[in-house]
Amino acid sequence: HVTWGDTHEDFLHCLALYSSNDPNSISKVIYTPCNTSYSSVLQSRIENLRFNTSETPKPVVIVKPTNVSQIQATIKCSQKHSLPIRIRSGGHDLEGLSYVSSTPPFVVIDLANLRTVTVDVTSKSAWVQSGATLGEIYHGIGMKSRTLAFPAGICPTVGAGGHFSGGGYGLLLRKYGLAADNIIDAHLIDVNGQILNRASMGEDLFWAIRGGGGNTFGIVIAWKINLVPVPPVVTVFSVSRTLEQNATKLFHRWQYVANMFPEELMIQLMIKKDSSSPTITAFFNALFLGGVDTLIPLVKEGFPELGVMKEDCKEMSWMEAQISFASGFTGNLSTDVLLTNTSIFPHKFKQSIDYFTDPVPLAVIEEIWKRIGENVEIVWLFLTPFGGRMSEISESSIPYPHRAGILYQMGYEVGWDDGSADTSQRHINWFRRLYSYMTPFASKNPRRAYVNYRDLDLGTNLPGHTSYETASIWGVKYFKNNFRKLVQVKTAVDPTNYFRNEQSVPPFSS
Ligand code: FDA
């Protein structure tokens, strides 16, 4: 057990000592609660406001490195003083695990200063530092080429570091798979402070860091990503329907058709209800890799009930399509949307995800509507169809296992603003009841989950102790049969379980 008061000066002294050759003095990138800018640095990348309260455990030190040697120094000194660390890139962890720990004292390494994106059009690849956001990556690619893209998430403020570590799905999922499927090299600092690349870390560790979850195998500094071809003109539409406009039947039908379209077409379904609106609205948001004249006959044939017209569609570049989705189809195509630091969902929230291998019956959709209509502030459901490329990639290609046989995934999200503990508990209880209600309809044996939609309701490691059996409870839901190999890799590269959090993969020995 560490008494922070005893180690505070020693820890800071250690950092100064280990980085004495560093021309950018480490003292300039260290923030303790005595610093006036400590709170703003901490809060700058807190996406879920549920973990931005006075009760939330806070780090004793935040290090916001500007170079790799400062990270190495922080690892060494944290180990010397038995201080656990948390690594933060974009700060979108749904349970706040990149900047909150249930076992203080702890240190946060915030990678926000390491955010360079270097695009090489000739080799169709890019090096991306972990602190870069998805928006910055899309901007970097779009500024260099209209016909190259990268398959990752929609929200522009999500960080590369956590997103790539857990998988990363987005609009190109059906055509090119996940972000992690398209990573070809990485720079990682291991538990000994060594910098490794793909060749020196070996294929097993390289496999594990592409989907096995963050804060487990080391700190990934940068990723080499494979850029994928897209046509110079793509088409988007967003068609909304309320319950009065047949949203129930359209949702039901969407389950049968969205995963059957050619892989160039992604039609996501977003359901929204907030306390200010009288009705539930379903948004059918689409990206098609091609022109409108090819798209319209496809949708008319496969999903005529939706009634999409040419006037609903807009042709643009792939980067502009990302902007359209990120801005909620407002017509704002400014690249500022990609470069923003402002959260697009500045609320307290609880989220999780289910995978579906069979369509849910109409009665279930009606029950979902009933529950959404209960006394909660904001509800979002995000449905993404699978099929296409996702069905071709083997379950063990990377740790993310949810491939052939999945019709679609549905993310559930409830959000609220009121700060009282009662309100938070009421919303979380509502969420848990919905998740429980969906049990018979979601995937089974195991009920699958996605490590990037981390949900601590699935179980947690105990402070100072965990086991293969304990971690299997959620590990098998996240990784299916890949969980065992992840434990083997962890045992080989970090046997003392230095990189850990409440849901990290443990080594066999712990
Ligand atoms: P954050 O910095 O919080 O890190 C997440 C986890 O990874 C933590 O455990 C952290 O310690 C670890 N970590 C971070 N950087 C690391 C590094 N360099 N090396 C090792 N470990 C590291 N997902 C998706 O697939 N598609 C989507 O469209 C979206 N959209 C979306 C929108 C919004 C608003 C939210 C809140 C979340 C999503 N997500 C998503 C989920 C998202 O992919 C997931 O939360 C990522 O882990 C976030 O990565 P960040 O770097 O932002 O988070």
Side-chain angles (χ1 to χ4, degrees), residues 44-51 65 68 71 75 84-101 106-112 114-115 128-135 137 151-173 177-181 186-190 208-223 266 268 270 285 322 325-326 342-353 380 382 384 400 402 409 411 413 415 450-456 494 499-505:
S44 62
R45 287 190 167 189
I46 292 185
E47 177 65 16
N48 189 347
L49 299 185
R50 188 151 65 99
F51 304 107
V68 169
I71 301 176
I75 292 178
I85 57 165
R86 292 293 155 109
I87 310 153
R88 182 165 74 172
S89 289
H92 281 53
D93 192 293
L94 301 187
E95 299 278 9
L97 296 193
S98 56
Y99 51 89
V100 181
S101 164
F106 64 100
V107 171
V108 165
I109 298 179
D110 182 333
L111 300 178
L114 299 176
R115 61 200 302 161
V128 170
Q129 285 189 311
S130 281
T133 62
L134 299 185
I137 297 169
I154 296 168
C155 173
T157 51
V158 167
H163 191 66
F164 297 178
S165 295
Y169 77 87
L171 298 172
L172 298 178
L173 178 84
L178 305 166
D181 293 321
H187 292 159
L188 170 113
I189 304 187
D190 72 3
I209 60 171
R210 289 173 295 153
N215 216 127
T216 301
F217 301 99
I219 304 181
V220 182
I221 304 304
W223 311 79
M266 161 67 77
Q268 287 191 319
M270 307 275 174
N285 299 334
Q322 290 293 157
F325 273 75
T342 313
S343 165
I344 54 171
F345 195 73
H347 305 284
K348 297 177 175 172
F349 60 83
K350 172 87 185 148
Q351 257 191 50
S352 199
I353 206 161
W380 279 101
F382 309 81
T384 300
Y400 179 100
H402 316 304
Q409 63 175 36
E413 176 165 6
Y450 172 31
V451 69
N452 263 351
Y453 275 46
R454 189 195 301 291
D455 183 355
L456 294 187
D494 183 17
F499 291 110
R500 64 178 182 273
N501 64 30
E502 286 74 358
Q503 269 190 351
S504 55
V505 172

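Index from 1, following the sequence. Just follow the structure's listing: the first ligand is 1, and inside any ligand the first atom is 1. Because only heavy atoms are used, hydrogens play no part in the values below, and waters and symmetry mates are left out as well, while side chains stay in.
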Tyr450 OH to His402 NE2 distance, which is reported to the nearest 0.5 Å: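 Rounded to the nearest 0.5 Å, the OH-NE2 separation comes out at 9.0 Å.
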
Gap separating the OG atom of Ser89 from the CG atom of Leu114, nearest 0.5 angstrom: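 Rounded to the nearest 0.5 Å, the OG-CG separation comes to 9.0 Å.
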
Contacts of Gln503 that satisfy side-chain hydrogen bond (donor to acceptor under 3.5 Å, both in side chains) - sequence neighbours left out: Tyr478

Taking distance alone, no hydrogens or angles, what donor-acceptor pairs closer than 3.5 Å link side-chain atoms of residues 346-353 to residues at least two apart or in another chain?
{"residue": "His347", "atom": "ND1", "partner": "Asp417", "partner atom": "OD1", "Å": "2.7"}
{"residue": "His347", "atom": "ND1", "partner": "Asp417", "partner atom": "OD2", "Å": "3.3"}
{"residue": "Lys350", "atom": "NZ", "partner": "Glu95", "partner atom": "OE2", "Å": "3.2"}
{"residue": "Lys350", "atom": "NZ", "partner": "Asp455", "partner atom": "OD1", "Å": "2.8"}
{"residue": "Gln351", "atom": "NE2", "partner": "Glu413", "partner atom": "OE1", "Å": "2.7"}
{"residue": "Gln351", "atom": "NE2", "partner": "Glu413", "partner atom": "OE2", "Å": "3.3"}
{"residue": "Ser352", "atom": "OG", "partner": "Asp455", "partner atom": "OD2", "Å": "3.0"}

Pocket residues of ligand 1, ordered first by chain and then by residue number (heavy-atom cut-off under 4.0 Å): Glu47, Ile87, Arg88, Ser89, Gly90, Gly91, His92, Asp93, Leu94, Ser98, Leu111, Ser130, Gly153, Ile154, Cys155, Val158, Gly159, Gly161, Gly162, His163, Gly168, Tyr169, Gly214, Asn215, Gly218, Ile219, Val220, Phe349, Tyr450, Asn452, Tyr453, Arg454, Asn501

Candidate list Arg45, Arg88, Arg115, test salt bridge (Lys or Arg N to Asp or Glu O under 4.0 Å), partner Asp110, passing option: Arg88

Which atom pairs, one a donor and one an acceptor, fall under 3.5 Å between side chains of residues 209-222 and the rest of the protein, sequence neighbours left out?
{"residue": "Arg210", "atom": "NE", "partner": "Phe206", "partner atom": "O", "Å": "2.9"}
{"residue": "Asn215", "atom": "OD1", "partner": "Ile87", "partner atom": "N", "Å": "3.1"}
{"residue": "Thr216", "atom": "OG1", "partner": "Gly214", "partner atom": "O", "Å": "2.9"}

